[in-house]
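Take a look at the structure set out below.
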Amino acid sequence: MTLGTTSTQSQHSVDQDRVRRAIMIVTACMVAFAIVFPRSATTIFLVPAVAALGVWFALAQWRGTGLPLNGLMLAILAFAGWSLISTAWSVAPFASLTKPLFLIAGAAGLTALFEITKKSEPEILAAVAHGFVLGFLGGAALVCFEILTDQAITQWFMRTFAMLREGYDKHLVVKDGVIVGVGEGNINRRATVVTLLIVPAGLLLATVADVRLRRTGIALLLAICAIMLVASTHQSSQAAILAGGIAFGLARLSSTWTRRAISVAWCASCLLVVPLVLFLHDANLHKNAAVFNSARHRVVIWNATAEAVKKAPLLGIGADATAKQTEIATKAREASGTVIKDGAYEVTTARHAHNAFLQVWYELGAVGAVVFMLAGLAALGLCMNAPALAQPFLLAQFAAIAGMIAFSFSIWQLWLQGAIGLGLIGILIAIGDSLSASASKGWPLLEGSDRQQRI
């Protein structure tokens with residue numbers, strides 16, 4: 001080998017190291033940014049999803065091959081398709097038309113990304129994996145600090161830079177002209193993104209070959225979970241973490257039975273949510289002082305929404321039309337001067353139902369609820385197609401997502417869909433080509449293969 005050849009190879013190796021380092025840094029910044037500024041999760045998810053779609057079609061379209069349509073993809077397309085059809089009778093046709101399109105684009109992007117990761121260089125996937133974990137740990141650490149200090153950093157920025165307060169005044173607590181607090185909405189959205197990325201980060205940490213690094217990362221991850229459970233004011237995130245943790249623990253014992261239990265719970269949530277919330281209201285849970293205030297208020301909102309479901313039980317009012325329908329009803333009440341109280345709360349629907357299963361019934365009727373149920377079952381089936389060592393993580397992520405949407409934001413909020421999609425990207429990066437392999441062949445990322453050593 002000549003000196004020139006050796007020098008060229010050395011330079012090529014240096015260039016590759018720089019590329020991998022750049023990929024790691026960019027990934028870390030994107031993940032951390034999505035956590036600290038949750039509304040950016042939409043864009044941060046779309047960037048790799050749209051890029052993957054572009055690459056896939058550039059490479060595959062002219063060969064006459066399209067994106068593979070597994071059961072989950074078909075179920076998502078059916079759900080989004082029914083949502084698009086609901087535009088015909090929706091009181092908010094623009095929302096009913098555009099929100100499902102984002103869901104379709106996101107699902108297609110994830111599918112393309114999955115196909116690309118199966119063919120990607122291990123070194124590139126390793127760089128993305130390291131970046132994802134570093135970005136998550138950094139962003140989550142900042143969120144935990146904000147939780148423990150009553151958002152001290154956010155308060156300082158709001159006091160120091162007046163331009164940041166534009167349009168944010170209603171979320172600030174001001175005393176004697178000085179900002180002394182920030183509303184919970186800001187930290188709750190951050191906590192949501194952290195929660196939805198915990199399992200993907202844990203899965204990526206499980207692929208790290210260095211034992212000390214893996215143990216340190218997992219210890220930090222557990223500390224983040226503990227702070228979120230003990231100190232966070234966002235009960236939906238706490239419920240999601242508990243649901244994911246329980247599912248993970250049970251799946252370590254038996255993935256099959258855990259999947260069956262989750263399937264039953266999922267089907268019951270999709271099909272029986274209306275009578276369930278009516279029962280909670282009839283049990284006067286909204287008047288029980290032992291229950292925290294936001295939960296009591298939710299019972300009233302859920303009951304009003306469940307009663308409204310009865311007016312259009314089959315077709316619903318249209319995808320993402322709850323806010324518009326609530327606005328119409330509010331104006332009608334104001335015009336008539338009629339206000340009905342149920343305990344301490346006004347009887348009305350909200351801008352969203354604070355329960356995805358109930359929201360689907362209200363907006364898309366029984367048809368939408370059934371299709372939504374089938375989409376979840378398809379996702380659970382896909383989890384069980386993964387190698388055995390991956391299944392606890394995938395089932396835990398499913399349970400965490402279900403726990404989050406059962407009590408919190410609208411399923412059509414783009415930043416929430418983006419956060420869920422970002423977590424799924426992390427899972428795809430961790431699994432790579434293993435998800436399509438037979439479980440009997442093992443899982444290279446966790447079984448000491450050459451690929452693991454590179455990660």
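The first residue of the sequence shown is numbered 1, and numbering continues consecutively from there. All values reported here derive from a predicted model rather than from experimental measurement.
Side chains of Thr349 and Thr305: no donor on one and acceptor on the other come within 3.5 Å. Defined by atom type and a distance below 3.5 Å, a donor-acceptor pair is present between the side-chain atoms of Ser410 and Gln359. Ser232 and Gln238 share no donor-acceptor pair across their side chains, judged by distance under 3.5 Å alone.
Of the possible polar contacts, none joining the Ser96 side chain to the Pro93 backbone as a donor-acceptor pair under 3.5 Å is found. Remark: side-chain polar atoms of Gln417 are not paired, donor with acceptor, to backbone N or O of Thr42 under 3.5 angstrom.
For Lys324, there are no salt bridge (Lys or Arg N to Asp or Glu O under 4.0 Å) partners at least two apart in sequence or on another chain.
The aromatic rings of Trp266 and Phe357 sit perpendicular, their planes meeting at an angle over 60°, well past the 30° parallel limit. Aromatic ring orientation, His281 versus His286: parallel (interplanar angle below 30°, classes split at 30° and 60°).
Atom CG of Leu272 is separated from atom CG of Leu278 by 11.5 Å, given to the nearest 0.5 angstrom.
Between Gln397 and Gly423, the shortest heavy-atom contact is NE2-CA, 4.5 Å. Of all non-hydrogen atoms in Arg190 and Val36, the two that sit nearest each other are NE-O, 2.9 Å. In terms of heavy-atom proximity, Ile35 sits nearest to Gly135 at CD1-O, 4.2 Å.
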Which atom pairs, one a donor and one an acceptor, fall under 3.5 Å between side chains of residues 242-257 and the rest of the protein, sequence neighbours left out?
{"from": "Ser254", "atom 1": "OG", "to": "Trp257", "atom 2": "N", "distance (Å)": "3.3"}
{"from": "Ser255", "atom 1": "OG", "to": "Ala251", "atom 2": "O", "distance (Å)": "3.2"}
{"from": "Ser255", "atom 1": "OG", "to": "Gln391", "atom 2": "OE1", "distance (Å)": "3.4"}

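Considering only heavy atoms from C-beta on, Met404 comes within 4.5 Å of Ser237 through its side chain.
Within 6.0 Å of the CZ atom in Phe409, the count of heavy atoms belonging to other residues, nucleotides or ligands exceeds 12.
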